[in-house]
Amino acid sequence: MPSTYSLVQRILLIWILVWIAQSLGGLSGNTFQFMAMDPKALFQGHLSALPGMFLWPFVHAPFPSLSHIFFNCYLMWVFGQEVEALYRG
């Protein structure tokens, strides 16, 4: 059974939930470092930095920078749907 939610909607939901968790203090310390992008560590051969290369877009400045997360989500909503339609065929 196909999902009723698009990939863009799922990404936006994850983005907002991570931002809320980070704003409430749920993501700090090791969890935040796990999601942070550190290309220098990756080029030095630390494979523990690999997940951060894909997860860093989900980390944003915590509250009160609501405008930052709103603007990013808005752009993802507008352009992401077009890209998703283009590549899904």
Side-chain angles (χ1 to χ4, degrees):
M1 181 170 158
S3 175
T4 57
Y5 297 104
S6 70
L7 182 61
V8 171
Q9 290 172 328
R10 292 178 199 168
I11 289 173
L12 288 174
L13 179 63
I14 292 169
W15 224 347
I16 292 169
L17 291 175
V18 168
W19 180 77
I20 290 171
Q22 187 178 2
S23 295
L24 296 175
L27 291 178
S28 60
N30 292 339
T31 306
F32 181 74
Q33 290 294 20
F34 174 73
M35 297 178 77
M37 184 172 74
D38 189 2
K40 182 179 176 184
L42 189 62
F43 287 127
Q44 291 175 347
H46 301 287
L47 293 180
S48 61
L50 189 60
M53 298 301 288
F54 300 100
L55 297 175
W56 70 268
F58 294 105
V59 179
H60 282 78
F63 190 78
S65 80
L66 190 59
S67 61
H68 178 90
I69 190 77
F70 175 77
F71 185 70
N72 284 356
C73 287
Y74 175 73
L75 288 177
M76 173 65 104
W77 180 261
V78 170
F79 295 110
Q81 290 183 0
E82 295 294 323
V83 172
E84 185 176 4
L86 179 69
Y87 285 104
R88 278 204 174 165

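Position 1 is the first residue of the sequence, and the numbers go up from there. Values in this document were obtained by computation on a predicted structure and should not be read as measured data. Computed from heavy atoms alone, side chains included, the values below leave out hydrogens, waters and symmetry copies.
Y74 belongs to a hydrophobic cluster with F71, L75, V78, F79, counting contacts under 4.5 Å between side-chain heavy atoms of Ile, Leu, Val, Met, Phe, Trp and Tyr, direct or through other members.
For L7, the side-chain contact (heavy atoms from CB on, under 4.5 Å) partners two or more places apart in sequence, or in a different chain, are I11, E84, R88.
Other residues, nucleotides and ligands contribute more than 12 heavy atoms inside 6.0 Å of the CD atom of Q44.
D38 is not listed as a side-chain neighbour of L42, based on a closest heavy-atom distance of 4.5 Å or more.
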Legend entry - side-chain contact (heavy atoms from CB on, under 4.5 Å) evaluation trace for V8 with L12: CA-CA 6 Å; V8 171; L12 288 174; 4.0 Å; yes
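For the atom pair CD of Q81 and CD of Q9, the computed distance is 7.0 Å after rounding to the nearest 0.5 Å.
Under the 4.5 Å side-chain contact rule for hydrophobic residues, I16 and W77 share a cluster.
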